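Lettering of chains follows the sequences in order, A, B, ..., and the numbering in each one begins at 1. Remember, predicted model here, so these are calculated numbers, not experimental data.
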Amino acid sequence: MNIKLNGKEILIKDNINIDNLLKLKKINKKNIVIEINKVIITKDLWSRKKLNENDEIEIITAVGGG
Amino acid sequence: MKKLILNNVTYNSRLIIGSGKYTDFSMTKKALEASGAEMITVALKRTNIGQSKNDDNLLDHIDSSKYKILPNTAGCYSAKDAIRVALLAKELLTDNLIKLEVLADKDTLLPNEEETLAAAKELVKQGFAIMVYTTDNIDLAKELEEAGCIAVMPLGSPIGTGQGIKNFSNIKKIIENAKVPIIVDAGIGTASDAAIAMELGCDGVLLNSAIAMAQNPIKMAEAMKLAVEAGRKAFEAKRMKMSDIAISSSNKESVLS
């Protein structure tokens with residue numbers, strides 16, 4: 001299925017959850033926050049929350065700023 | 001010296017520094033230590049996808065037991081976007097403290113007054129403790145305080161310019177009117193600018209580029225620490241009155257001849 005990850009369209013296998021996506025994309029689970037379709041998904045749901053076709057996923061972290 | 005209290009936390013330092021523009025995280029950490037600051041701002045951005053799992057993260061370099069992390073809503077041009085970023089920050093850092101920053105224009109980086117106030121009102125409703133970046137508009141500063149912001153942070157001059165405090169009388173008036181801490185945010189270029197802000201009676205100074213863009217950031221961080229302390233002490237000491245005429249320092253009777 002197609003999803004949008006941090007603004008970029010990607011093709012991934014069906015029926016995966018957030019944890020699977022993070023593993024697949026080699027993203028450290030520490031220090032990030034996740035939004036799907038502009039709704040924050042709290043950490044406790046990452047192993048349960050399944051991704052759907054055309055979901056827009058944003059993975060956000062802290063960077064230098066003033 | 002009187003201490004700065006923000007969101008029920010007492011700070012020994014009245015200097016807040018930003019974490020942007022450093023060559024690497026170890027430099028950020030060293031500058032933070034040298035500055036004596038106990039609060040450091042961070043921005044929120046999309047993670048890099050497709051890099052290694054062990055990618056370095058800024059948050060791993062800041063000891064959150066020693067330093068308060070102040071996330072900002074940089075890059076937002078509407079109340080709606082700023083509220084979204086504030087919620088993300090709260091989830092990321094499990095804290096309700098936020099530096100609200102809603103800009104009007106990507107060239108001037110000046111605050112959007114209307115959207116800033118709208119965002120502040122909504123975020124207060126949602127339980128945020130807001131330190132708000134604003135213009136030197138005296139009325140707006142009061143409105144932001146009345147909206148429930150815990151600190152109001154007018155600019156000294158535009159972000160990243162290092163032009164210093166360009167608006168003495170407005171900053172002074174904002175301080176006179178305020179019941180919450182007033183912190184000059186943006187425009188500080190060197191130590192004397194920070195000292196001047198503190199002498200005016202500001203409760204603190206927030207700066208980033210002045211340290212990060214100095215040729216020797218660590219030394220400048222130390223300079224800023226001293227400047228903020230010196231400026232605050234001078235403010236508390238209440239300076240002498242200025243005179244139009246010269247007045248001798250020695251007592252007339254004791255002078256020879």
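Residue B/Leu92 holds its CG atom at 11.0 Å from CD1 of A/Ile34, rounded to the nearest 0.5 Å. Atoms NZ and CG, on B/Lys45 and A/Asn6 in that order, are 12.5 Å from each other to the nearest 0.5 Å. For the atom pair OG1 of B/Thr47 and NZ of A/Lys25, the computed distance is 11.5 Å after rounding to the nearest 0.5 Å. Rounded to the nearest 0.5 Å, atoms CZ (B/Arg46) and CD1 (A/Ile32) are 14.5 Å apart.
For the residue pair A/Glu58 and B/Arg84, the shortest heavy atom distance occurs at CG-NH2, 3.8 Å.
Contact residues of residues 59-66 of chain A toward chain B are A/Ile59, A/Ile60, A/Thr61, A/Ala62, A/Val63, A/Gly64, A/Gly65, A/Gly66 (heavy-atom distance under 4.5 Å). Taking 4.5 Å as the heavy-atom cut-off, none of the residues of residues 45-57 of chain A approach chain B.
For a residue to count as touching a neighbouring chain, one of its non-hydrogen atoms must lie under 4.5 Å from one of that chain's; by this rule B/Lys99 touches chain A with the side chain only. For A/Lys38, the part lying near chain B is the side chain, with the backbone staying farther off; criterion is any non-hydrogen pair under 4.5 Å. Heavy-atom distances place no part of B/Thr28 under 4.5 Å from chain A, backbone and side chain included.
Taking the side chain to side chain donor-acceptor pair (under 3.5 Å) definition, one finds that A/Asn15 meets it with nothing, sequence neighbours left out. Among residues two or more places apart in sequence or in another chain, the ring-ring contact (aromatic ring centres under 6.0 Å, His included) test is passed with B/Tyr22 by none.
Taking the side chain as every heavy atom from C-beta outward, B/Asp60 and A/Lys30 approach each other to under 4.5 Å. Put simply, the side chain of B/Ile49 reaches to within 4.5 Å of the side chain of A/Leu5, judged on heavy atoms.
Considering only heavy-atom pairs separated by less than 4.5 Å from chain A, the leading option among B/Ala186, B/Ala43, B/Gly160 is B/Ala43. Ranked by heavy-atom pairs under 4.5 Å with chain A, the list B/Ser209, B/Pro71, B/Ser19, B/Gly20 is led by B/Ser19.
More than 12 heavy atoms of other shown residues, nucleotides or ligands fall within 6.0 angstrom of atom NZ in A/Lys43.
Shown are B/Leu59, B/Leu93, B/Leu58; of these, the side-chain contact (heavy atoms from CB on, under 4.5 Å) with A/Asn31 is made only by B/Leu59.
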